[in-house]
Amino acid sequence: METWAPMSIAESDLRVRFAPSPTGALHIGGARTALYNWLAARHSHGTLVLRIEDTDLERSTAENVDQILDALRWLGIEWDEGPVSQLEQAAGHRAALERLLESGAAYRDRSTAEDVKAWKERYGSDRGYRGPVAGDGEADGAIRLRVPDEGETVVDDLVRGEVRFPNRSFDDFVIARGDGSVLYNFAVAVDDAAMEITEVIRGDDHLSNTPKQLLVLGALGHEAPRYAHVPLLHGPDGKKLSKRHGAASVQELRERGYLPEAVRNYVALLGWGPGDDETLLDTAELVRRFRPEDVRRASAVFDEKKLRWMNGRYMREMDLSDYTTTVATFLGREADEQLRAACRIAQEKAQTLAEVWPLIRFLFEPPVEDEKAWRKVMKGDAGEALRAAGEALGELGEFDPEAVETALGPVPDRLGLKPGKVYQPIRVAITGTTVSPGIFESVAALGRAPTLQRIAAARERIASDEPGTGRS
RNA sequence: GCCGCUAUCGUCCAGGGGUCUAGGACGCCGGAUUCUCAGUCCGGAAACCGGGGUUCGAAUCCCCGUAGCGGUACCA
């Protein structure tokens with residue numbers, strides 16, 4: 001709907017990246033991080049780079065990569081560069097490693113986790129592990145970065161301000177395994193520099209990693225990007241969002257019938273507000289108003305109820321053609337005239353795409369069998385109401401909602417019954433359930449012959465049930 | 001343990017020293033829409049984590065406590 005200029009030619013120097021690790025589906029938390037990066041890029045006409053953080057060979061899979069890309073596309077988050085695999089940056093990583101080894105900023109060390117633990121027991125738990133001194137390095141083993149004991153590393157964070165970390169609290173951390181493969185905190189720093197990323201917008205869980213990356217950047221003589229650490233998303237129980245919380249992945253949201261634009265709007269508002277009391281912000285508005293420095297510092301809870309409400313708002317705003325196409329795609333059906341007519345009467349009632357079918361199903365299939373509905377409604381004067389309704393409808397020329405209303409409207413009075421005593425039996429007769437769109441619209445949409453036939457069938461069944469007692 | 005981060009209605013977002021008897025949204029409760037459900041409209045209940053400071057004055061600034069979260073891997 002909204003349009004943006006193609007980003008092939010960036011109009012500003014801002015370069016951000018979204019760097020998921022393909023160890024699972026795209027989470028709502030990850031989706032929000034992606035969205036924030038995308039909004040920041042679009043806001044200042046910069047560039048969004050997609051980088052796949054796949055240095056964990058054990059857990060990374062190609063299927064997960066595809067799934068993440070697919071989720072991003074569905075969300076409408078398009079990237080300008082990539083996806084690039086971190087694995088493919090190996091040459092650059094090796095070169096950086098060599099430089100560090102050569103300058104003495106890094107060294108090989110055969111110490112194991114147990115050795116490090118023992119070291120700390122000796123020197124204190126508030127001190128980071130320090131390996132062999134310069135010139136004393138070993139020929140093989142993991143490669144560690146030399147961290148100074150003195151001073152502190154400060155992260156100047158867009159959302160948190162200055163956060164200071166004492167250097168002595170960090171280990172001489174491992175940047176490459178014994179086999180030469182690189183580790184996250186090293187690879188990230190090298191890649192961010194190589195890709196000339198200017199602003200790193202990512203989850204809060206990386207805040208404590210940032211000083212390490214800064215140390216790597218410093219040792220390599222690279223300039224550091226700006227950082228913005230956004231809070232994590234939690235489930236209703238206050239715990240970190242996970243599959244236990246129901247719809248936790250983008251894929252699940254999609255399956256549940258949520259619209260991408262509603263998801264964007266809702267997710268953007270988790271941890272960020274436009275500054276006034278607006279809640280319904282379309283994507284263009286999001287792009288216009290989003291600034292990473294306005295993100296809140298506290299973690300937020302994902303609340304599907306609000307998403308659902310918001311989704312309903314977006315669904316009702318669509319014009320009938322868009323609505324029909326969207327519903328058709330979701331249901332895997334043809335967007336034909338019949339579906340369009342069905343959508344017309346269902347649009348203002350459904351909050352998600354998944355709620356549409358139950359409302360219009362009676363137009364495509366025989367009435368559902370719902371014993372409870374039948375027992376509740378098809379009693380007392382129901383048979384008489386159906387007889388009168390069938391009669392009124394049978395005489396009709398036109399069969400549109402207005403005509404149907406004209407025919408059916410006087411029936412309750414004529415019979416001396418409350419409207420509900422007449423309309424509910426009709427509803428159950430034609431849909432099988434007690435819930436449907438407006439009765440006049442429903443009858444008109446079904447059409448004369450099927451309606452009359454279903455009413456007749458219902459009357460027959462009532463008649464044959466009559467002698468029985470409670471059980472229908 | 002150590003190093004950090006965070007703390008306003010159930011939830012999300014405002015408010016950042018006086019205008020706060022704390023505002024908006026979702027949800028919830030009640031009413032209206034004389035066909036169900038949903039929608040829509042109207043009304044209502046609902047919060048500044050605790051304790052100390054600073055100040056004439058603190059939801060707002062500082063300290064402590066408490067709680068939650070993150071990091072502390074040859075994971076990302």
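Every chain is numbered from 1, with letters handed out A, B, ... down the list of sequences.
Under a cutoff of 6.0 Å and an axis angle of 45°, A/Arg461 and A/Trp374 form a cation-pi pair.
For the C1' atoms, the distance linking B/G1 with B/G18 amounts to 45 Å, nearest Å.
A salt bridge links A/Glu152 with A/Arg164: at least one charged nitrogen is closer than 4.0 Å to a carboxylate oxygen. A salt bridge is absent between A/Arg108 and A/Asp140: the closest approach of a Lys/Arg side-chain nitrogen to an acidic carboxylate oxygen does not fall below 4.0 angstrom. Taking 4.0 Å as the cut-off between side-chain N and carboxylate O, A/Lys120 and A/Asp171 count as a salt-bridged pair. A salt bridge does not link A/Glu98 with A/Arg94: every distance from a Lys NZ or Arg NE/NH1/NH2 to an Asp or Glu carboxylate oxygen is 4.0 Å or more.
RNA chain B contains the following stems of three or more consecutive Watson-Crick or G-U pairs, with both distances under 3.5 Å: B:1-7 with B:66-72, B:10-13 with B:23-26, B:28-33 with B:39-44, B:49-53 with B:61-65.
Taking a 4.0 Å limit (strictly below) on heavy-atom distances, residues 428-441 of chain A reaches RNA chain B at A/Thr434, A/Val435, A/Ser436, A/Pro437, A/Gly438, A/Ile439, A/Phe440. For the segment residues 410-419 of chain A, residues with any heavy atom less than 4.0 angstrom from an atom of RNA chain B are, sorted by number, A/Pro419.
A/Gln351 comes within 4.0 angstrom of the backbone, heavy atoms only, and of no base.
Dense packing is recorded around CD of A/Glu293, with more than 12 heavy atoms of other residues, nucleotides or ligands lying under 6.0 Å away.
The aromatic rings of A/Trp119 and A/Tyr129 sit perpendicular, their planes meeting at an angle over 60°, well past the 30° parallel limit. Using bins of under 30°, 30° to 60° and over 60° for the plane-to-plane angle, the ring pair A/Tyr423/A/Phe440 lands in the perpendicular bin.
Sorted by first then second residue, the salt bridge (Lys or Arg N to Asp or Glu O under 4.0 Å) pairs that include residues 410-434 of chain A, not counting sequence neighbours, number zero.
Think of the region where chain A sits on RNA chain B: with heavy atoms and a 4.0 Å cut, that region ends 5' and 3' at B/G1 to B/A76.
Applying the side-chain hydrogen bond (donor to acceptor under 3.5 Å, both in side chains) test to A/Arg130 and every residue at least two apart in sequence or in another chain returns A/Asp149, A/Asp172.
At a threshold of 4.5 Å between non-hydrogen side-chain atoms, the residues A/Val368 and A/Thr431 do not count as touching.
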